[in-house]
Amino acid sequence: MDLVGACRAFVSVSEYGGFTDGAAAAGMSQSVASRRIAALEERFGAQLFERTSRRPVLTPFGRDMLASAVQLVHAADVLLAEAEAVKHQPWRLAVPATCSAAALARLVATARGHGVRLDLRPAGPSRRKELLHAHQVRAALLAVPAQEASWAVPLGLAGARDGGARRIHVETLRLGRASTGPARRIWIQPEDDVPHIRDPLTRLRDAAGLRPGQVLAAPDLTGAAAEVLCSEDLLLCSRAQADELALVWLPIGELTPRRGYALTVAADGDPLPMADRLGEAIARCLSAEDPGRDGEREET
C-alpha cells in the first residue's frame, strides 16, 4: 500500500469535506481516493469516515489519526522538494586558473546541454586539492603526471619575439664566458609549479649548464608574462596560453613536458558519469591535445 498516497487522500477528503473535491485537490480521481482510504482503513482496522450521510464525516478514530496523517504528508512533501532541489544543485567543480573565461563559459554551456549545471571554482593545483578534500567542491581537475592523466596538455616555451626557429633548445640559453647581457630566464607559472613538471625542467637546466636563477617559479602568471614581454625571457606554457598572451610559442628540443589532469570526485565518488558526458568539453577547456604531436615535428 502507498501509505503516503493513502494519507494524502485521507487528509484532502477531510479538509474539503467530500470525495470529489478532496480527490481533485490531491491530484487523483474520486475512485482512486476511495480505494486508498479504504485500504488505509483496512490497514488500521478501523473506519476513518462515517458513510451514513451524504458527506463523509470523520469518525472519532479518524479525528485522532488526522494530525499524524497531516504530519506524514507534510514530511513527504518536504522530502520530495529537497530531492528535487538536490537534483538541480549545480556541480561545483574546481578547474585550473589558467583556463580562459571564454573556455570556461563554453564548458558551462556544453554542460547545460547535457543536463548538468556547473559552478566553477578556478584555482591553482594545490588549492584545487584543498577544496576537494575540504568538500567545498564536488569534484576537481587535479594535476597529475601525464601517464596517469585523462587529459594532457603539451607545454613549450613562449617569448615576445619570433626568431624564426621551429623549436628551442634549453642549452642555447647557457651564458658563454664572453657574454655581457643578462641571462635569459625561463618562468614557471603556478599551474606548472608541480614536481612532475618542475623537476624534469630543473634537471635539464643543470644538465645544460644553466645558472640556478635561469629557471624560476613565478608567484603568478601575470607577473611572469610581464617579465617575458619586456625582455628576452621565456614562459613555460601551453600553445593556447601563448596565443592568448600574444607570445610566440615553440616546443622544447630536449623534452616535452605535459600538464596532466584527472577528474576526481569528493568522498570516493565515481567520476565516470561526468567524464563520459563532459570529457570532450573538458578537453577543449583545457586545450588538451595529442601529447606527441608537437614533439614529433621535424626540426628545421
Side-chain angles (χ1 to χ4, degrees), residues 95-104 122 124-125 141 143 146 149 151-175 181-208 210-261 283-300:
V95 297
T98 52
C99 295
S100 69
L104 294 176
L141 288 169
W151 301 276
V153 182
L155 301 177
L157 295 175
R161 280 162 284 282
D162 186 354
R166 295 293 302 274
R167 67 180 67 232
I168 185 166
H169 292 266
V170 171
E171 64 180 10
T172 62
L173 305 182
R174 183 175 60 243
L175 284 176
R184 298 178 71 188
R185 298 169 295 184
I186 296 174
W187 290 94
I188 301 175
Q189 58 184 291
E191 184 63 29
D192 301 321
D193 192 12
V194 290
H196 57 272
I197 295 177
R198 180 189 62 240
D199 293 353
L201 189 59
T202 301
R203 289 194 293 270
L204 176 58
R205 175 203 65 191
D206 296 340
L210 272 64
R211 297 175 180 178
Q214 285 187 260
V215 176
L216 298 172
D220 57 76
L221 174 58
T222 301
E227 291 287 347
V228 171
L229 287 169
C230 64
S231 71
E232 295 291 329
D233 289 354
L234 299 166
L235 175 68
L236 182 70
C237 64
S238 67
R239 184 190 294 273
Q241 280 187 298
D243 292 342
E244 184 180 355
L245 295 167
L247 298 175
V248 180
W249 188 92
L250 293 172
I252 302 173
E254 295 94 340
L255 81 168
T256 304
R258 297 181 179 90
R259 292 176 188 153
Y261 295 101
R284 288 193 297 271
C285 183
L286 297 171
S287 299
E289 302 173 355
D290 177 0
R293 189 180 71 182
D294 293 303
E296 293 173 356
R297 293 182 179 175
E298 293 296 327
E299 183 176 359
T300 60

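The figures here come from the full heavy-atom set of this structure, side chains too, leaving out hydrogens, waters and symmetry mates.
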How far apart are the closest heavy atoms of Gly253 and Arg167, and which atoms are they? CA-CD, 3.9 Å
For the pair Arg174 (side chain) and Ala208 (backbone), establish whether a donor and an acceptor sit closer than 3.5 Å, ignoring hydrogens and angles. yes
Which atom of Trp187 lies closest to which atom of Ala218, heavy atoms considered: CE3-CB, 3.8 Å
One thing to verify: whether Glu191 and Arg259 come together as a salt bridge, which I'm taking to mean a side-chain N less than 4.0 angstrom from a carboxylate O. no
Reported CG-to-CZ distance for the pair Leu235 and Arg185, which is rounded to 0.5 angstrom: 12.5 Å
Which atom names give the shortest non-hydrogen contact between Val153 and Ser287, and what distance separates them? CG1-O, 3.8 Å
Shortest non-hydrogen contact from Leu141 toward Tyr261: O-CD2, 4.1 Å
From CA spacing to verdict: side chain to side chain contact (heavy atoms under 4.5 Å, CB included), Arg258, His196: CA-CA 9 Å; Arg258 297 181 179 90; His196 57 272; over 6 Å; no
Pick out which of Ser100, Pro96, Cys99 makes a side chain to side chain contact (heavy atoms under 4.5 Å, CB included) with Cys285. Cys99
Value for CG (Leu175) from CG (Leu210), rounded to nearest 0.5 Å, stands at 7.5 Å
Backbone N or O of Glu171 within a donor-acceptor pair of the Glu254 side chain at under 3.5 Å? yes
Heavy-atom pair of closest approach, residues Ala183 and Asp233: O-OD1, 4.1 Å
I'd like to know whether Leu236 forms a side chain to side chain contact (heavy atoms under 4.5 Å, CB included) with Ile197, so could you lay out the CA-CA distance, the side-chain angles of the two residues, the decisive distance to 0.1 Å, and finally the verdict. CA-CA 10 Å; Leu236 182 70; Ile197 295 177; 3.8 Å; yes
The single option from Val248, Ile186, Leu250 passing side chain to side chain contact (heavy atoms under 4.5 Å, CB included) against Ile168: Leu250
Side chain of Gln214, backbone of Arg184: donor and acceptor closer than 3.5 Å? yes
Let me see the working for Val170 and Val215 under side chain to side chain contact (heavy atoms under 4.5 Å, CB included), right down to the final yes or no. CA-CA 10 Å; Val170 171; Val215 176; 6.0 Å; no
With no hydrogens and no angle check, is any side-chain donor or acceptor of Arg205 less than 3.5 Å from a backbone partner on Pro212? yes
Minimum heavy-atom separation for Ala97 to Pro122, with atom names? CA-CB, 4.1 Å
Distance (rounded to the nearest 0.5 Å) between Leu216 CG and Glu227 CD: 9.0 Å
To the nearest 0.5 Å, what is the distance between CG (Leu234) and CG (Leu247)? 9.5 Å
When rounded to the nearest 0.5 Å, the distance separating CG of Leu155 from CG of Leu201 is 9.5 Å
Passes side chain to side chain contact (heavy atoms under 4.5 Å, CB included), Asp192 versus Thr98? Steps please. CA-CA 10 Å; Asp192 301 321; Thr98 52; over 6 Å; no
